[in-house]
Protein chains: 2
Amino acid sequence: MHVKEVSELAGVSIRTLHHYDEIGLLTPKKINGSGYRIYSEADLERLQQILFFKELGFSLKKIKEIMNSSSYKQEEALEIQRGMLIDKRKRIDKMIQTIDKTIQNKKGEIQMTDKEKFEGFDFSHNPYEDEARKKWGDHVVDESNAKIKQLSKYERESLEKEFNDIYRKLAEIRHESPDSDIAQEKIGLWYVYLNKIGNYSLDAFKGLGQMYVDDERFTKNIDKFGEGLAKFMRDAMAVYAERNQSE
Amino acid sequence: MHVKEVSELAGVSIRTLHHYDEIGLLTPKKINGSGYRIYSEADLERLQQILFFKELGFSLKKIKEIMNSSSYKQEEALEIQRGMLIDKRKRIDKMIQTIDKTIQNKKGEIQMTDKEKFEGFDFSHNPYEDEARKKWGDHVVDESNAKIKQLSKYERESLEKEFNDIYRKLAEIRHESPDSDIAQEKIGLWYVYLNKIGNYSLDAFKGLGQMYVDDERFTKNIDKFGEGLAKFMRDAMAVYAERNQSE
DNA sequence: ATAAGGTATTACGTTACGTTAGAGTCAACT
DNA sequence: AGTTGACTCTAACGTAACGTAATACCTTAT
């Protein structure tokens, strides 16, 4: 499917689709040879998810964070979104009640406190973000931490040592090209390491790399080992994922 | 009431209130002597209205346009907003249905077309703006036009002559101060003129003046008589309204 | 009179696109 | 084969609705 088709189907502008591509929120496979974006069925589903989250007031950054979380599963998300939408409907009902009261109040039929005049809306913060955070927030870290806690003391120390070794090695070579042999070898170790404590597909691996630069909590910790390491790792991870994907 | 109080009551940030003041959407009477914004009960009601429109997806510019329309009445607005909110609830119900279908589809229980996957959302345009336009849009002009049409040919020509005369006079003196005697005299004629074809309170008069510079359709036509005339008129009209208000 | 909390005014930053502008693509029609 | 019209791309600047300091004044409680 081409942009226009998708655009009309989903009721969003073409520019919006371009934008989502730009920020890496929804990147179709642009095979067309002449650079045209071609959207697959899976892309459509992802777009649907994005729009649900958007309706619920999430920022694109948060949406990306959530959907890139290694534990993200569409079916789970649908259930949660369903709950949130029902909640939102409740809030709208409240607003309708508030209107009714206000009308009555205007007619002098009832009294109304100032507080009651604003029941139903609260623009000060997104009421659904907390729930989302519980489910997906900081999940990559949580998941890893949980697994690590289950290990024996010896295993933990051994893992930590390995962790530090890989980071230091990567930091040393961070000025090489991300697709160089040495970089790919070391980033491969990283992939193996991660799969000891979690379960990462190549796509998730690539997504995680992107998060290293998008999410400053990661960037900060990673760049402790060397300025610019996060970016280097993201690039290397992307290359690694793509190379091993096709084979 | 001070900003913080209002802010907490309505669930909007202080910055938002400042912003609404800046753009002239909600300007409290700042009597406090030290420049503090003091919000009245009427201001609260206006804020409530604003938030309702916002929830329905109107831009602040549109909201301002609507609420400054000479025919705007709060009670009417409440009824219409009520209808729109009920409509919005329907759309959310559609989205919930869409989610349910998607879940079933994922389980392989039912088939689903691409179109069905996006039923409920349509971000391409605000569905309520048309309705609003019918009620309030271009209303100042419409109202005047309607009245003018009812007049005899002679009366119409006479009015048009008067109209042109006033504009030309105003254009001549547009470099005077808006609160000078001559400016106030001529703008007074304009107020009298407008009330021949409509029914303008001093507040509506002031609001109309603001619209001369906010709405470029007005600005363009007015500035035909002289560059900067629209701004001059707005200022003069504001002074006129305030001076005659208190007496 | 001094600290704590509220408020005001700049003023620059940010998000999520809108809006041209300039140029290449594709399918259909003469 | 040439042209047209609908579609696509990237690049880049514009906009709306605030967020986020920074700096300074006001007010009241101690």
Side-chain angles (χ1 to χ4, degrees), chain A residues 1-39 43 47 49-67 121-126 129 213-216, chain B residues 1-39 43 47 50-67 121-126 129 214-216:
Chain A
M1 292 181 85
H2 286 199
V3 265
K4 201 192 175 191
E5 212 175 339
V6 177
S7 150
E8 284 170 359
L9 204 59
V12 301
S13 75
I14 291 179
R15 176 70 237 261
T16 298
L17 294 174
H18 282 175
H19 184 58
Y20 291 173
D21 191 358
E22 266 175 43
I23 64 173
L25 178 57
L26 179 64
T27 44
K29 341 277 168 188
K30 23 173 163 173
I31 349 173
N32 189 275
S34 41
Y36 285 25
R37 292 172 180 80
I38 309 294
Y39 290 82
D43 292 327
L47 178 55
Q49 292 283 301
I50 292 171
L51 295 184
F52 276 130
F53 279 120
K54 231 191 88 182
E55 174 72 32
L56 291 164
F58 288 85
S59 73
L60 298 186
K61 195 178 163 189
K62 268 270 169 289
I63 296 177
K64 191 179 168 186
E65 224 175 285
I66 290 174
M67 296 186 69
F121 20 44
D122 181 8
F123 293 92
S124 58
H125 72 290
N126 183 330
E129 275 199 17
V213 310
D214 287 344
D215 191 324
E216 58 170 25
Chain B
M1 295 179 84
H2 286 202
V3 265
K4 201 191 176 190
E5 210 175 341
V6 177
S7 149
E8 284 170 357
L9 204 59
V12 302
S13 76
I14 292 181
R15 176 71 239 264
T16 298
L17 294 174
H18 283 173
H19 184 59
Y20 290 174
D21 192 358
E22 267 176 44
I23 63 172
L25 178 56
L26 179 63
T27 43
K29 343 276 167 187
K30 24 173 162 172
I31 351 172
N32 188 277
S34 40
Y36 284 25
R37 293 174 179 78
I38 309 294
Y39 291 81
D43 292 327
L47 178 55
I50 291 170
L51 295 184
F52 275 130
F53 278 120
K54 230 189 89 182
E55 173 72 31
L56 291 164
F58 288 84
S59 73
L60 298 186
K61 195 177 163 190
K62 267 272 169 288
I63 296 176
K64 191 177 167 187
E65 224 175 284
I66 289 174
M67 296 186 71
F121 22 42
D122 180 8
F123 293 92
S124 58
H125 73 291
N126 182 327
E129 275 200 17
D214 286 344
D215 190 325
E216 58 170 26

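Letters A, B, ... are given to chains in the order of the sequence lines, protein chains preceding strands, and every chain is numbered from 1.
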Heavy atoms of A/Thr27 and A/Asp43 approach each other most closely as O-OD1, 4.3 Å
A/Glu22 has an atom CD; how far is it from atom P of D/dT10, in whole Å?
-> 8 Å
In whole angstrom, give the distance that lies between atom CG of A/Leu26 and atom C1' of C/dA16.
-> 15 Å
When you check the gap from the basic side-chain N to the acidic O, do B/Lys61 and B/Glu65 get nearer than 4.0 Å?
-> no
Answer yes or no: does a side-chain N or O of A/Ser13 lie under 4.0 Å from OP1 or OP2 of C/dC17?
-> no
Counting side-chain heavy atoms from C-beta on, which of D/dA17, C/dA16, C/dT25 comes nearest to A/Ser34?
-> C/dT25
Side-chain N or O of A/Arg37 closer than 4.0 Å to phosphate OP1/OP2 of D/dC9 = yes
If only side-chain N and O atoms of A/Thr16 are considered, is one of them under 4.0 Å from the OP1 or OP2 phosphate oxygen of C/dG18?
-> yes
Which atom names give the shortest non-hydrogen contact between A/Met1 and A/Leu9, and what distance separates them?
-> CE-CD2, 3.8 Å
Looking at the side chain of A/Arg15, which of C/dT7, C/dC17, D/dC18 is the nearest nucleotide?
-> C/dC17
Nearest-0.5 Å distance that lies between atom NZ in A/Lys64 and atom CG in A/Leu26 | 11.5 Å
Distance in angstrom units between A/Met1 CE and D/dT8 P, rounded | 11 Å
Is the shortest side-chain N/O distance from B/Asn32 to OP1 or OP2 of C/dG6 below 4.0 Å?
-> no
Taking atom P of D/dC25 as reference, at what distance in whole Å does atom NE2 of B/His2 sit?
-> 19 Å
A/His18, nearest nucleotide to its side chain (from D/dC18, C/dT19, D/dC9) | D/dC9
A/Phe58 CZ to C/dT15 C1', straight-line distance once rounded to whole Å | 16 Å
Between A/Leu47 and A/Ala10, what is the shortest heavy-atom contact and its length?
-> CD2-CB, 3.8 Å
Closest nucleotide among C/dA8, D/dT8, D/dA17 to the A/Ile14 side chain | D/dT8
Tell me: OH of B/Tyr20 to P of D/dA17, nearest whole Å?
-> 8 Å
Rounding to a whole Å, what distance do you find between A/Asp21:CG and D/dC9:C1'?
-> 11 Å
Rounded to the nearest Å, what distance is computed from the NZ atom of residue A/Lys54 to the P atom of nucleotide C/dA16?
-> 9 Å
